[in-house]
Amino acid sequence: MKIIAHIDMDAFFAAVEQRDNPALIGKPVIVGADPKGGKGRGVVSTCSYEARKFGVHSAMPISKAYSLCPKGIYVPVEMKKYALVSDQIFKILYDFTPDIEPISIDEAFMELTGCTHFYGNAYNTCLKIKDRIKKELQLNASIGIAPNKMVAKLASDFSKPDGLLEITQENLLKFLWALPVERLWGVGKKTKEVFEAMGIEKVEDLAKTPTEVLRKQFGESGEHLYQLAQGIDHRDVAVNDEVKSVSNEHTFDVDTDKKPEVYEILSHLSERVSYRLRNADLKGKTLSIKIRLSNFRTFTRAYTFSERINFFDTIYKKSKTLFDEFYKPGMKIRLIGVRLSNFNEPYVQDSLFENPKSQKLEKVHQALDKIKNKFGESAIHHGS
Ligand code: TTP
Ligand code: MG
């Protein structure tokens, strides 16, 4: 069973403006084109929930917004500012899992399967995410948790604002079937009209319509709609890196509870990951380790650096710390893996040349890379 979270910031651009100018808090704030006293062209990007009460919404002509809400506070779009805040949000998310599919500037899917253990369960993990975003950035996020992407998104929408809603397999159909059918993905205006003519209003009505009827009406997509109405959606969270990640893992011949044995393997895996990253000219920000216990339960632990990295030392030391934080006496380790991801930005040399220690390490790595490239990967290893 998968656990997927969908996170979406509340009234994102408007919330950032309200945060940065407390005089706007509690007011109808409309972010978008200049209304020019009602004669302005262009559209509303978004507006605060206070402005939504007047009927204002995203993509509406700014002139129409002005006629609905002449006393609103109109603020221009400052994309650079929101992009920066978005980076800060994503940085928090990557502290929880490397498996993130960014959807837009304020929205993402997170694969939480196997990494909710640290906070007890998915609900508490997401509470923690919301809490960090609120404490560190003074913004509200809404999160939906579900066994699949479609329902996770529906749940976060449903929970807004400042919401957190978990839909489990048990209560999934109860939640889904009560929703109006146009909330399903792919149901636009036209489909909705056809549904209306067929007497289909709620998802439940659709779910109880025989597939043959739907196939006749909609062709192949009829089958798809039927599946969605049953709460079935098999799409995976698609991690959005061109190269998703570089990882290596190792299965022990015999499950082990000996830390030094695990450290030795972690060192070896870190070295392989570092070498592969360097060969591909990649640096990543998020390091994660994967641990499978003898009972086959699998866990991941992640850490996001403030800079992108690919040095062996950095990878090994952090993997070791992550492992130490996870490990409890009595655990028997079956498999361990090291992964670096979050390569979003292009490869640049970062602060390499400002830091003499990094410069020295870079030289050491370059020398090792050369030897490995010439004589093969096993030719030389870092001393442990
Ligand atoms: P949304 O998440 O769709 O909207 P929102 O965050 O403002 O409000 P909520 O999620 O609580 O309903 O979009 C995120 C940001 O993207 C939004 O703040 C502004 C921008 N945006 C536009 O510029 N134009 C648009 O048409 C939409 C939908 C969003
Ligand atoms: Mg949003």
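We count ligands from 1, going down the list as the structure has it; atoms in each ligand are counted the same way.
Residues satisfying the side chain to side chain donor-acceptor pair (under 3.5 Å) criterion with Tyr123, sequence neighbours excluded, are absent altogether. Residues forming a side-chain contact (heavy atoms from CB on, under 4.5 Å) with Arg235 (at least two apart in sequence, or on another chain): Lys149, Met150, Trp185, Asp233.
Using a 4.0 Å cut-off between charged side-chain N and carboxylate O, Glu264 and Lys259 make no salt bridge. Taking a cutoff of 4.0 Å between a charged side-chain nitrogen and a carboxylate oxygen, Asp95 and Arg132 qualify as a salt bridge. A salt bridge links Lys192 to Glu182: one of the charged nitrogens lies within less than 4.0 Å of a carboxylate oxygen.
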Stepwise side-chain contact (heavy atoms from CB on, under 4.5 Å) check, Ile289 with Tyr303: CA-CA 9 Å; Ile289 62 166; Tyr303 178 83; over 6 Å; no
CA sep, side-chain torsions, deciding dist, call: Asp162, Lys134, salt bridge (charged side-chain N to carboxylate O under 4.0 Å, His left out): CA-CA 10 Å; Asp162 198 13; Lys134 191 168 292 187; 3.0 Å; yes
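A ring-centre distance under 6.0 Å is not found for Phe326 and Phe118.
Listed by chain and number, residues touching ligand 1 at under 4.0 Å (heavy atoms only) are Asp8, Met9, Asp10, Ala11, Phe12, Phe13, Ser45, Thr46, Tyr49, Arg52, Ser58, Ala59, Asp106, Lys160.
Distances from the Mg ion (ligand 2) under 2.8 Å pick out these protein N/O/S atoms: Asp8 OD1, Met9 O, Asp106 OD2.
Under a cutoff of 6.0 Å and an axis angle of 45°, Lys285 and Tyr94 do not form a cation-pi pair.
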